[in-house]
Each structure stands twice: as C-alpha cells, then as structure tokens.
Amino acid sequence: MKRESLTSGALKRSRWIGAKAVIAASLAVSSIAIVGLGSASQAGASSKKFSIAFVVGAEADPFFQSMYVGAHAEAKKLGVTLIWQGDPVDYSPSTQIPVVQQVLAEKPSALVIAPTDTKALEPYVAQAIKKGIPVFNVDSGDANQKNITSWVTGNNVQGGTAAADALASALNYSTTCTSASPCTVAVGVSSITTSTDAARLKGFDAQLKAKYPNITALNPIVSQSQSSVAQQGFAQDISAHHLQGIFAIDGTDAEGAAAAITAAGSAGANIKVVGYDAYASNIASMQGGKIAAIISQQPTLEGKDIIKYAVQRLKQGNAKGIPHLLTLANIVLTPTTSQATLNKYVYTAS
Amino acid sequence: MSTSIDTLESVGPSALKRLQSIVGNQQFILLLVLVALVIFFGERNSLFFTSSEFSNLLIDFSGLALIAVAETYVIISGGIDLSVGSTQAISGVGGGFAMQSLMNHHMSETGVLLIGAVICAGIGLVVGAVNAVLITKANLVPFVATLVTLSAGAGMALVFSRGAPIGQNPEAVAWSATGIGPFTWLVIIVISITTILGITLHVSKYGRNNFAIGSNSFAARAAGINVKRHIASVYMLSGILAGLTGMFFYIRSGAGSPQVGASSNLVAIAAVVIGGASLTGGVGRITGTLLGAGILTIVTDGLIFINVQPTWNQVVVAAFIALAAVLQSIRPGLRS
Amino acid sequence: MSNELQPIIELRDISKSYGSVKALIDVSFKAYAGEVIGLVGDNGAGKSSLIKVISGVHAQDSGHLFVDGIERHWKSPHDSMEAGIETLYQDSGLAPDLTIGANIFLGRERRRRGLLGRLGFLDQRGMEREALTELEKVGISVPASKRTVSQLSGGQRQAVAIGRAVMWAKHVIILDEPTNHLGARQSQEVLKVIAAAREQGLCVLFISHTLPHVLEVSDRIIVLRLGRVVRDSPTAEYTVESLLGTITGLSEVTNN
C-alpha cells in the first residue's frame, strides 16, 4: 500500500485552497442546482436498474470533470444510473459529509467515493456497508480499506519519478549536465504540505539523486494553486540562476511555467518544462513548444474502471475477480505523442 | 542685536525639528527599508541588479500596485474592500471568454486586448457597484458587504470556468515582455494610472472629500459633501482597478485563471497598512502604499531569488506586516 | 435689534414627528440680523430637532420656513448652506485628520489658477493662508503651518469650527453646545467669537445647557419644552432662576 496515494485527492484540495473557506456558503445556490441535476437523472431511471452514487470532492475541478466523463460513459454503456454528486468548489469533509448522507438516503445500489479525508468519512462508509451498500474508492482512499470493495487510484511517486526521467531526457542529460557544469532546475508546487505534491516531489528528488546527480533542484516555489504566483516565482528563478529546466508539479504550476518562459523571451527559450496534469491549456502549451512533457493522471480511466468494478460487484453479488487496489500509472505525454493519445488523456469537462 | 540672537536661537531647534520629522516620518523609514532590502539581496546574488530582474520586479510590483491604490482610496474613506482579489478572477474569466470568442472571429490582437480591457474593467465596475449598493443602500458594513462579493465572485469564477483557465493567448504573453528597456508597456500603463490616481487623491477635491469622509463622515456631510455618492464611487473605482488587474494577469499568463488573486486582497491591504494608512480612515498616502507594495514585492521575489526555503518566505512577509503594525501603533507618539 | 422689518429667518408653525414621538409642535419665531438668540430647553425639548429642520438635515412635517423673506424647502444640508446658514454640530464639526485650512474650506475648496486648476488641482497653500487670516479676523489665532486639527487643543478646535461657520455664513450660524467640554477661559474665547459674529451682522442661534453663557451673550432667549416654544423674551427679562424655572416648567410664564 502506497501511503502517498492514500490522500492523492489532496491534489484537489490544493487547487482550491485560496477560495475554500468562504466560497462554500455563497455557493449554496449552485450546489442545489447540481443536486437537482443528480436527482433528475435518477428520476429518469427505471426502478430495476442499478444506481451508483458517485461522490467526489471539488466537483468543478477539471480532474473530476474528466473523471465524470469516464464514469458517465461507462454507466451509460452498462445501463446503470449514475448519481454524480459533490460540492462544486470545496474539497473538504465538512461539505462532503452532508452530500454522502443525502445520497445514502436515496438508497443507491453502490457508493463510489473519493473521500476528502482519510478518517472523517469512515463512519458514513460503515453506515453504507451496514445497509448492504458496497463501497468503492476512487482517487483518494478511506483509512479502513477492509470496508472497501475496490480502490482505483493514480501513483504519484511514480509520476514524480517519470517527471525526472522526462526532464532529464528533455535536457539531453548525458551531454548537457556534467559534474563540471551541472544543470539547475526550478520546482513549483501548490503547497508543501499537500501530500500529493509531496509524493510527486519525493519521487522526483529520489530519481534525481539516483540517476541524475548532475541536476540540482532549487527550493520549491509555492504557488498556492495560483498560476500567476507560480509565474512570478519562476521568473525570479530564471533571473537568478542559469536555469535549464522546470518541474511544475501540477496544472496551475505548469500554466505559470509556460507563461514565465514565454514572458522571459530569449532567456526562457531553452528552458525545458515538465508539467503535470493534462489540462487543455497545458496540452496547447506543449504543442506550442513551451512545455517539453506533461505527466498526466488518468481520471477518465479511474472513473471508468471504478464504475466497471461496481457494476461487476452488483451483478455477481460478490467481489470475485475485482482487484482490491488498482494503481494506474501516471502517463508521460510529449510533443511526439499522437493526437489520438492526447485526446484520450486531456482532462475534458463535457 | 536682540533680533540676531532670536534668529540664532530659532535656527537650532527648527533644524533639529526638521531632522526629527524626517526620521520620524514613516515614508522615510520605508524608503530606508526598501533600499536596505535591495542591497541585501544584491549582496547575496549580484544578478539582482540586472535589468531583467529589475524588469521582473517592476512587473510584479505592477500586479499589486493597482489594487493597492484602490485599497488606499477605500481605506482612507474609512472602509475596506476584501473583494479586490476575487474581482480579478471573475473579470479575468469573463474577459477570457470574451477575448477567446473575439480571437475565434479573427479579430486583431490589439483589438482583442483593448476590448478585453474594457470588458474586465466593466466586470470590475459591476462588482464595485454591487459593493456600493450593499454599503450605501443596504447599509452593510464594508467588511461584510465586500466579503459577500469576495465569496460570490470567487465562486462564480470557479463555476463559470469549471476550475480551468479560460483562453489561450500566447501572443499577449509575448507582448507583456515588450516595452522600453526594463519598463514593459504593461508596467508603463500601470504606473501612469497609479500616478494619476495618486495625484488625484492628494490634490483634488475628490481626494480631499475622501480624506474628510474617512476622518469624520458627519463633518463631511455637514460640509455639503454627498457622502453616500462618494463612498459608492470609491467602491466602483476599486472594482474597476481590480478588473484591470484581472486583465493584467490575463495578459501576463495568456489566460483568465479563476484562481488569480486569491490572496491578493490581504497583500494589498498589507501594502496600505505598511504604507502608513490608518484602518480607521482619514489617514494615508499613495507614496506610502507604493513603498509598501514595493517592499512586499522585493521581499517575496528576493527570497525566491536567493533560493530561501519557501517556508521562510511567508514568515518574513508576516514579519514585515507586523513591523508595519508596530510603526502604526507608535506613530501617534511620533506625531505629538 | 429687532427694529428691522425683515426677519432674516422665520419659522411658522413648524411640526415634526419621529414615529409616534412629537419632537416639534407648531414652533414659530423670528430672528433678525445682528442678533444672538439663545435656544434652551431640557433634554428632549426639541432643540436638536429644531436645528436639524433649520439646517436641512430633516424636513419638517408641516409648517413654513422663511429665509430673508423667501420660503425655503431644504432637500439637504447643502441647500441651507447655499442659502447662507452655517451649522456647527456638537463635537462633530471638523475632520480631525485634515489640516485647519482643509477644514475651513471643506466642501468649498478652491482650485488653483491656470492649467493645473483646470485639471482639478486645489489651491492648497492659498486656502491655508486665507484660512488663518480669516480666523484672525474673528479673533481666533491658531498655530500656522499645515497642522491637522487632531493636533489642536479642544478649545482651539472649537474656535476653528466656529470661525469656519462665521466665515462662511451669510445670514445665520447655528451653534450646538459650542462651549461643551471647554474650560472657563476657552469658553470665554468662544463667547467672544459669538459676539464678533454679531458685530459682523450675523444672526446667531446659540444652543446651550450652560445657562450663564446663554445669559451672558444672547440678546433674546427662546425656551423649548416638550416640542413647543414656551417663552420667547429679551434676555434682560430673565434671571438664572426664572430661566431654569421656565425650562423645567416649574414656573409657568408664557410669552405674550
């Protein structure tokens, strides 16, 4: 069990840090709208159909939007009703718990949840199990995995490792970075206390140490999920050091890195950026030559797989043949990746 | 004979007094701090004195300057505007949608940016007008009124954008780096607006009214000033400046990000407070605010520049705000 | 004093209620240029309501207000100022963070000459200078320079506030408790300024609880009780005791 992926959902938390606390209340209206949407789709279903409640954190995040695409398509294909729920912007147990209570009241056949806290959601998961509702985890996991039928998630340490490889390859490590003239790279994170970022950074640093000793990573810039803050920090690193590369640990940092090297003009022209998260904007930056590689999670696949396993469990009546933990690799996308593959991985909100 | 003695005697104390007033002047202290910071960072890494770094500092300062000026007007008038950060986000997102659509219709880049600036300012104006109505019609205290628009604006920016940056405009980012030497056009525009608003605050009737209302709104009303209308206009001005800052960040990053400016309201307020304005209104100077914004910019950037652990960055910024608070509290003593 | 034909200000049957509270009931009086009128009454007698109606802060429910023989309807305090009435409210006449000059010219700022003036630049130095000379004219000397009002003593502040009213009033100045919180010497300064205003031909409405001050400086005293004018007589006809009795209602002496 990889500890870091336990809270991989913290990715979402980091994206909403700034607005989190105050937004929740003001968005009551939009939450109601989305709740309404969920009920409507359920009402249209026949009573014989299985219904799967799917509760995420900050629902407006492109990551979850992308997960919805996979889950929705799979549910449609398998003929089950999807009850898609989640606070639109707030990644926190205080807003997620009421949502879980509400969907359980609708008596779904199964519950898929991306718990916003490893512990806080546990009693509600137990409650569901008691009612005979099997529970699944996606992205982040519940502390008590005994209760969980299956958990599909990404691997952030592996993603960090892949990022180090991608950056070394973009830098043409063996010829560019020597012990006589080592390479310097900047790192941008959203928050140093977010475990997702920490896991990716851990994988990245370990791989540098093991395989690329001639690459020096600067102290990370903390962007607080704001691309403008990341951009400001990267501009400083570009000015202060003879910078060869940037590892931007999530989507917003990648946006900031792309903008920083564009604005730096000739000083930024040769800086290789490896980013994270296949936002459409980042794919476009990569195609425009500003980003050398993007490490992508697979939210669409996570959504698809977990629905697949949930339906399998409901039809079989047991968990036979269903993996208890499925860790999906983070994928490296580069400018040479085919358009078809890019289309597959880009985080789409549709 | 006696007159010459008088003159001699009066020269001494007045020269001393002048020296005291300079040393006791908060702006002078701020200027010293700023110079000391520049020397400190330059000492650690001489690349700090390069034109490209100067250009970086100017751009980062400019991203803060407009909302700091806005906050100066608001705070001197006796209010506070918490919504300047989220207004950047909502106008950047709204402007981002509009500009993307214009680009899809093959409008020229200049046209796109000009119309985008108007739209961003317009969205800011709308937010400011909502603040104005909440404060002058619904009689909410500014803190609560602008907390409402802060929340609503940030939420709407996220919901409309679905959390993703809106637009793809690398041409704008490239343009953001052009200008005269280290002074990019963007910086020149911001400094021009800042200068005009700074002069307006300190020499015009509008600025005078602003001080009078913040100092004693009853006296201002008794003097025939339309206090409510003035207050409304201040929040609308603040909204416009926040909207333009949204446009500023759209140009810098080539997209309207819903997360932009999330904590910048507090940074702007910190700049104003460091600059010597009183949160109770009636007191403040644009030059002080700009020095405050300059110090915060140099500290934030300089610490990254010399590769300090990021945890220290926030601690140091916090220390500067604390220092300003101390300066504030001892100032009445300096005064008398 | 009252031999002039035209009263500078005249109230006829002014009434004003706040909800069920009748603050003013058929208040009528006339006041003439060069006259100091003491306006006295217990708390809640209607003094504040009366000056708010005269200065345009609130509109009366019924009755008529004439200034210089013309009936006026104020929409805001600004209207009454335009008509030559200056009001100095209790403890709140000045903006403490502004300079003396800025306070004197508040709401009436003057622009610089030439291009800068047309661009909206205020003539700050000119206003500071003129403020000091105008204050000196009514016997108020304050420290020069760009000091803010918050740096003045209580007495100096009050003097500046009254000086401001005297300087701008064309017809009437209304002073609400101008000697409140002041020491004996400072109060005398204020009373001197009131006398100076009378010399300049202004009508002064002087509201005060300090009866000796009212008796000392006024020409006529109007007593309000429970929203009505209960007595309006030349000051010479009052003693401290009779005035106190009229205010409290213990000695009923009605006008006319």
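Letters go in sequence order (proteins before strands), and every chain restarts at 1.
For Q168(B), the part sitting under 4.5 Å from any heavy atom of chain A is the side chain, from C-beta outward, and nothing else. With a threshold of 4.5 angstrom between heavy atoms, S176(B) approaches chain A through side-chain atoms but not through N, CA, C or O.
Side-chain atoms of N45(B) come within 3.5 Å of backbone N or O of A240(A) as a donor-acceptor pair.
The side chain to side chain contact (heavy atoms under 4.5 Å, CB included) check on Q339(A) picks up Q287(A), L342(A), N343(A), with sequence neighbours excluded. Residues passing the side-chain hydrogen bond (donor to acceptor under 3.5 Å, both in side chains) test with D301(B), sequence neighbours excluded: Q232(A), Q236(A).
Looking at every heavy atom in both residues, A177(B) comes nearest to A263(A) through CB-O, 3.0 Å. Across all their heavy atoms, L218(A) and N307(B) have their closest contact at CD2-ND2, 3.5 Å. In terms of heavy-atom proximity, P165(B) sits nearest to S281(A) at CG-OG, 3.7 Å.
In this structure, R252(B) and S228(A) have side chains that are not in contact, with every pair of non-hydrogen atoms separated by 4.5 Å or more. The shortest distance between side-chain heavy atoms of I304(B) and I221(A) falls below 4.5 Å.
F249(B) CZ to Q231(A) CD: the interatomic distance, rounded to the nearest 0.5 Å, is 8.5 Å. The line from CD1 of I238(A) to CD of E53(B) is 11.0 Å long, rounded to the nearest 0.5 Å.
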Could you give me the CA-CA distance, side-chain angles and deciding distance for V260(B) and Q226(A), then say whether side-chain contact (heavy atoms from CB on, under 4.5 Å) is met? CA-CA 6 Å; V260(B) 80; Q226(A) 295 171 52; 5.6 Å; no
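Between S52(B) and S239(A), the side chains place a donor N or O and an acceptor N or O closer than 3.5 Å (distance only, hydrogens not considered).
More than 12 heavy-atom neighbours from other residues, nucleotides or ligands sit within 6.0 angstrom of CZ on F49(B).
Residue with the most contacts toward chain A among T50(B), V173(B), L47(B): V173(B) (heavy-atom pairs, distance under 4.5 Å).
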